[in-house]
*Asks:* 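Before anything else, here's the structure in question.
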Amino acid sequence: MEIGYYPGCALHGSSNDYETSVRACLAALGVGLREIDDWICCGATAAHSINHKLSIALPARNLALAARDGFGELLAPCPMCSMELLKAEQSLRADPELRKDIAQIVELGLDRKTAVLNLIQVFQKIGLDQIKDAVKRPLDHITAACYYGCLLTRPPETLRFDDCERPSTMEAVLAELGAKTVAWNYKTECCGAGLTMANEATVLELSHKILMNAASHGANCVVVACPMCHVNLDMKQRDIERRYSVRHGITIYYLSDLVGMALGLSDAALGIDRHFVYRG
Amino acid sequence: MARIGVFTCWCGENIARTVDVDQVSAAIAKLPGVRASVNYKYMCSDPGQALVREKIAAEQLDAVVVASCSPHMHLRTFRKTAEAAGVNAYRVEMANIREQCSWVHHDRAAATAKAVDLVRIAVAKVRWDEALEPIRVPVTRKALVIGGGVAGIQAALDIADAGYQVALVEREPSIGGKMAGLSETFPTLDCSQCILTPRMVDVGQHPRIRLHSYSEVESVSGFVGNFTVTIRQKARYVDTAKCTGCGECWNSCPIKKIPSEFDYRLGFRPAIYIPFPQAVPARPVIDKENCTRLKKGKGCGFCEKKCQAGAIRFDDQDKLVTEEVGAIVVATGFKLYSIGKQQENESRSGYGEYGYGEYKDVIDGLQFERLVSASGPTGGRIARPSDGREPKNVVFISCVGSRDNAKGVPYCSKICCMYTAKHAMLYKHKVHDGQAHVFYMDVRAGGKNYEEFVRRAIEQDGARYYRGRVSRIYEENGKLIVRGADTLAGEPVTIEADLVVLAAAITPAAGVRDLARKLNVGYDEYGFLLESHPKLRPVETASAGVFICGACQGPKDIPESVAQASAAASKALIMLSRDEMTREPEVARIDEKNCAACFACVRTCPYHAIERGEVLTPRGVFVKHTARVNPGLCMGCGTCVSICPSKSADLAGFSEQQIYAELEALV
Amino acid sequence: MSEAFEPKIVAYVCNWCTYLGADLAGTNRLEYPPNVRVLRLPCTGRIDFNLIVKAFEAGADAVLVSGCHPADCHYTSGNYHARRRWIVFRRLLETLGFEMERIHFTWISAAEGKKWQQVVTEITEKTRRLGPYTAYRDLCEAHQ
C-alpha cells in the first residue's frame, strides 16, 4: 500500500524523531510513504488566527498537490496539520464559490477529493488484526497512559474521529501489541500547546499535571500521537522536574514507536534514542 | 336578486379620520342588489347593532356586509345580530377597512379608494354565501384520559366528580407518574406521596372511573364527540380480580436483583413486583423478560405455589378493549433528557464529560429524589451509590441539557432551579455537616413563594451558589473532581465532591409522537404537544375534542400541571354537558354526481374527514363510488378543493364562485 | 399617460397566520402602500393555481400568496400542499414564459406584522418598476 505523506514543519524540524519513527514503523508494515513534492506550511495556529482565507488556502495548496501527485489519501502525522487539512477539505467541498476562489489563489485544481488521515487512522486502515499478526515482541513491560491532547479528536464536528470526551482508539491499537493501558483522567487535557516559549510556566504546570495523573494511575509511560504534546511532555520534562522538585522519569513514546518496538525494530531505528527522556 | 345591506363604521375616528365613509356608502349604494348603504360611528355598539336590525326589517335584507374592523374582532358579533333579525348568520361578511386600511394608509384619497374596493369585494362575496345551519353532532358523554400522573389524575377526578364516566389509561403498572417517586415537593416541602396517594386512591375507588393500568392506547378512530378508542391491556400474568395484594408472591420470588424502574436503577426489585407499596392498583405484575417460568416455559413458579388466592396466571395474554368516548385528555407527562453521549436525536451530543453512566456517584435529579425519599432504596439515608458512605460535599449542576443550543435543547426546563434548591435543603436537613454546592446560570423562581424558598436554601441551609458552568467531572481516589467556573468571582472553581446531581432537561415522554399521530394532534420539534393558541387556548389542540395538560405540553411544575388538568377537564366538560354539540358549518362538500372517486381528497385531508362512500338509488342499488365529507370532522381548510382534479369539492363560505366574484369585483 | 402607474396587487392570505399578521401591522400602525387587496382564505392549501391565473385575468399586476410557516399550519398540512403545488406550478409558468417576478410566495406568521409591511412595500415597488401586466389582455385582443 502506498499513501501520500505530508510531514509538516514539525516533523522536518524539531520533531524529526517522530518522522524517523513513522517512516520506520510503516515501512515495516509494508506501507510506502510518498512525500508530497514542494509542500508548504499548513497554516497551523497562525493562519486561522489572522485570516480565514489564508487558513483555507495554505492547506488547500497541499491538498491540490496531493491530488496532482495522484493521491486519494494523505497521512499527516501531526494532528494540527491533519485538522487544518481536513477543515480546508470540508470547506472546499461545501462551498463551490470558495473552491473556485481558492483554486485561483493556489493556482491548482481543487476538484478532486483527498482523504486526510492521522496516524491512528492509518493503523486502522492497515487493520488491527494485521498488526497483531505482525507482532514479534509483545510489549508486556509497557503500561501506558494514552494521551490524545487537543487536536486528535476535536473539533468533533470536523474530525468525526473517536469520542472526543472519552477516546479509546489508541488503546485499541496498543491492545493488539500486548501492552497494558490505564484508565486515567487527563487523556484530553491541554498540555500547554504552543505556549512552550511564550508562556513556559503554563506549559510546565499543565504538563506536570498530566504526568502526575498518568503516574498516579499506574502508568510507566505515556503514548502520544502529536509532536507538540511530545515536546511539552518529553523535552520539557527536566524543566518540570526542576520547577516542581519531583522526579518523573516517564518515557514519552510516539504511538509509532510502540508499534515499531512490537514489530522488532530497535530504538535507534525508531529514533527513540533521540528523546530527551531516554533510559537507553 | 339579493337584498344586501352595507354598514360602514367610523370606529369613532379610527376609520373616519382617514377614510371618507360617506363616499364609501355612496359608492356602494350604486351596486346592484345593495338595498341599504349607511354609515355610523360605532357599528358594534348597541345603537349600531340596532341600526342593522332596523335596516334588515325595513328593506327585507337577506345579506349583510359590515365594513369596519377585522373579522377576527367582530364577525361573530355581527353574525349574531343578523341572525336575531332574521338574516342567516352565514350570509354576513366583513370588509376590514381599519387594521388593513385606515390604520396603515395616510393618503385620504388612496385609503378611501381602497376601502371602496374592499367593500365591493365583500358585497360580491356575500352574494354567493349560502344560508347555512350549524352542524349538529351527537356527543358520547364519556371522557378518556391518557396518562395517570398528577395531571391525568386531576383531570379524571374533575370529570368524574362532575358526573361523567371516565376511562383512564396508564402504561405503567400503577398510576402516580413522576410525582409518586418524589420525596418532598417545593415550596411547601410536603411529602409528595402523602399529598398524591389520597388522590390516587380516589381514582382507584371512584365509581365513575374505569382504570386501565399497565395499558396503552392502540388506536383511535372517529371524531369529536364520537371517538372509538382501542386500548391494549398488557398481560400482567396476575388475575387482578382474585389477587388480594398480600405480597406473598413478591416476597418469595427468587429473582431479586432486577434494577428497579421506580428507583431509577438505584434499587432492586423482584421479577414479580409491585412498583411501590402505595401503588394503585395494588396488584403485582410479572416482568416477562426476567421471570424464569415465562422465559423458559417451565421451572420456578414459587409465586404460584405461595399464592393463596390462585391469582397467578402464566398463560395471561394482552387484551384489546374498546372505549367509546366524546372527549380525550392527554396527560402523558415527561422524561429526562438523556445525559450521556448516546442521544436519540443525532444533532445533540450529550454531556460525556460529566461521566453520567460511567461514575456511579454522578446521578440525576429523579435519582436523588429516591435517595432522599423515606421509601427509597436507602430508606431516606443520603448515601453514595458506589460505597454507601454519606456524602459530605454534594455538587448540584443546573441546566444539564437545557438552554443549550450546542448539545441539548434551547428551552428552559422551568422546574430545575426550584428542585435543585429543594435538593440542597433536603440534603442539609439530613447531613448536618454536609455542604451543598450549586452551579447555576440563572436562578428562575417565579412562582408563589418560590423566590423566598431559594433564599432559604442559601441563607438558612448554607448552600453555596456559583454562577458558572462545569466543564468536566472525573474520579480521582474515590472523589469526584468537579471543575467549574465562578463567573462572579472571576475564577475557576474545583470541588472534590462525594456526589454529583445533574438537573437534566425535561423532555416529553417516550412514544408521544406516535400517540399524537393517532390523535391527529400536532407536536413541536421536541415532541411537546401543540396547543391551539399559546396565550388564549393553552389546553385545546387543533384536533377538536382532544385536550392536553401537564408536562406533555411543556415543562411545568405540579401546581401548573394540576391547574392545566382542571382547565382541560373543564373544556371537556363543556362538550360533555350536552347531548349534542354544534360546529361551524363552513365545511367542504363534494358534488357526488361529478366526483370521479379518485380519492385524492381522502388522502390529503389532514383530519381524515373525507370517507369513501357509495351513491345508491332510493331502492339501494349501487350507482357509483364517491368521496363524501363528514361535516362533523371537517375543519374547513379547503385543501381538498384545490386538489380535486374534477372540481367536485368546494368549500362553503370560500367557494370557487365566490373567489372569482371577489376578483371580478376588484378590477 | 397623465397618471403614474399604480400597480394592482392581489394577495391570497391564510386566515390564521398572514391575515392576523396583517392585522398586527395595522394595530402597530405600520404604514405601507395602499395597492394590495387581500382575499382572505382559510388556508393556503385552498389555493388552486386557477385562482392565481384568474387574478391576472381579472387585471392584477402581481399576486402574493402568503400563509403559515412550515410546521405551523393551523390545519396541520395545508401549507405543505400549497408549497408543493407551487413548486410544480412555477416550472409550468416558467416554461410558458410567464413573468415570474409578478408572483410571490411567502410565509408570514401572526406575529410578523413588520414582515407584512416589508413584503407588501417591496412587492408594490417591484411591480411599479415592472409596469402593468398586459400579456393576458394583449392575448385576448390578438384573438379578436
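Here is how names work: the chains are called A, B, and so on, in the same order as the sequence lines, proteins then strands, and each is numbered from 1. This one's a predicted model, so the numbers in the text were calculated from it and none came from an experiment. Only this structure's heavy atoms are used, side chains among them; waters, hydrogens and symmetry mates stay out.
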*Asks:* Which pair of heavy atoms, one from C/Ala58 and one from B/Leu663, lies closest together, and at what distance?
*Replies:*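 The answer is CB-O, 3.9 Å.
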
*Asks:* If you count heavy-atom pairs under 4.5 Å with chain C, which of B/Gly636, B/Cys69, B/Ala110, B/Cys640 comes out on top?
*Replies:*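 Answer, by heavy-atom pair count under 4.5 Å with chain C: B/Gly636.
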
*Asks:* When heavy-atom pairs shorter than 4.5 Å are enumerated against chain B, which of C/Asn28, C/Asn35, C/Leu41 gives the highest number?
*Replies:*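 Top count of heavy-atom pairs under 4.5 Å with chain B: C/Leu41.
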
*Asks:* Would you check if C/Pro42 and B/Leu651 make a side-chain contact, meaning some heavy-atom pair closer than 4.5 Å?
*Replies:*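 Yes, their side chains come closer than 4.5 Å.
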
*Asks:* Minimum heavy-atom separation for C/Arg37 and B/Leu118, please, with both atom names.
*Replies:*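 Smallest heavy-atom distance, with atoms named: CD-CD2, 4.2 Å.
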
*Asks:* Using residues 9-16 of chain C as the side-chain source, report each donor-acceptor pair under 3.5 Å to any protein atom, sequence neighbours left out, with the distance given to one decimal.
*Replies:*
residue	atom	partner	partner atom	Å
C/Tyr12	OH	C/Leu51	O	2.8
C/Asn15	OD1	B/His72	NE2	2.8
C/Asn15	OD1	C/Arg40	NH1	2.9
C/Trp16	NE1	C/Tyr75	OH	3.0

*Asks:* For B/Arg517, is the CZ atom crowded, meaning more than 12 foreign heavy atoms sit under 6.0 Å from it?
*Replies:*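 Counting neighbours around CZ of B/Arg517, more than 12 heavy atoms of other residues, nucleotides or ligands fall under 6.0 Å, so yes.
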
*Asks:* Sub-3.5 Å donor-acceptor pair from the side chain of C/Arg46 to the main-chain atoms of B/Phe654, do we have one?
*Replies:*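 Checking the backbone N and O of B/Phe654 against the side chain of C/Arg46, a donor-acceptor pair under 3.5 Å is found.
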
*Asks:* Sequence neighbours excluded, which residues qualify as side-chain contact (heavy atoms from CB on, under 4.5 Å) partners of B/Arg79?
*Replies:*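 side-chain contact (heavy atoms from CB on, under 4.5 Å) list for B/Arg79, sorted by chain: B/Leu75, B/Ala89, B/Tyr90, B/Val92, B/Glu584, B/Glu586.
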
*Asks:* What residue in C/Glu57, C/Glu6, C/Arg85 has the most heavy-atom pairs under 4.5 Å with chain B?
*Replies:*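 Of C/Glu57, C/Glu6, C/Arg85, C/Arg85 has the most heavy-atom pairs under 4.5 Å with chain B.
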
*Asks:* May I ask you to name which of B/Gln100, B/His106, B/Met73 has the most heavy-atom pairs under 4.5 Å with chain C?
*Replies:*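 When all of B/Gln100, B/His106, B/Met73 are compared, B/Gln100 has the most.
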
*Asks:* Could you tell me which of B/Pro606, B/Cys637, B/Gly638 has the largest number of non-hydrogen atom pairs under 4.5 Å with chain C?
*Replies:*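 Highest number of heavy-atom pairs under 4.5 Å: B/Cys637.
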
*Asks:* Supply the atom-to-atom distance B/Glu99 CD to C/Arg29 CZ, rounded to the nearest 0.5 angstrom.
*Replies:*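 Between B/Glu99 CD and C/Arg29 CZ, I get 8.5 Å after rounding to 0.5 Å.
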
*Asks:* Work out which heavy atom in C/Ser77 is nearest to a heavy atom in B/Thr604; give both atom names and the distance.
*Replies:*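 That would be OG-O, 4.5 Å.
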
*Asks:* Mind checking whether C/His81 and B/Ser642 have side chains closer than 4.5 Å, heavy atoms only?
*Replies:*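 No, their side chains stay 4.5 Å or more apart.
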
*Asks:* Can you tell me if C/Lys54 uses its side chain to pair, donor with acceptor, with the backbone of B/Glu664 under 3.5 Å?
*Replies:*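 No, because the side chain of C/Lys54 does not come within donor-acceptor range (under 3.5 Å) of the backbone of B/Glu664.
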
*Asks:* Can you tell which part of B/Ser532 gets under 4.5 Å to a heavy atom of chain C, answering side chain, backbone, both or neither?
*Replies:*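 Neither part.
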
*Asks:* Does atom CH2 of B/Trp128 have more than 12 heavy-atom neighbours from other groups under 6.0 Å away?
*Replies:*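 No, because the 6.0 Å sphere around CH2 of B/Trp128 holds 12 heavy atoms or fewer from other groups.
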
*Asks:* Say you draw a straight line from CG of C/Asn50 to NZ of B/Lys647; how long is it, rounded to the nearest 0.5 Å?
*Replies:*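 C/Asn50 atom CG to B/Lys647 atom NZ measures 5.0 Å (nearest 0.5 Å).
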
*Asks:* Any heavy-atom pair between the side chains of B/Trp103 and C/Glu31 that's under 4.5 Å?
*Replies:*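 Side chain of C/Glu31 against side chain of B/Trp103, heavy atoms only: no contact under 4.5 Å found.
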
*Asks:* Below 4.5 Å from any heavy atom of chain B, which atoms of C/Ile47 appear? Answer side chain, backbone, both or neither.
*Replies:*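 Backbone only.
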
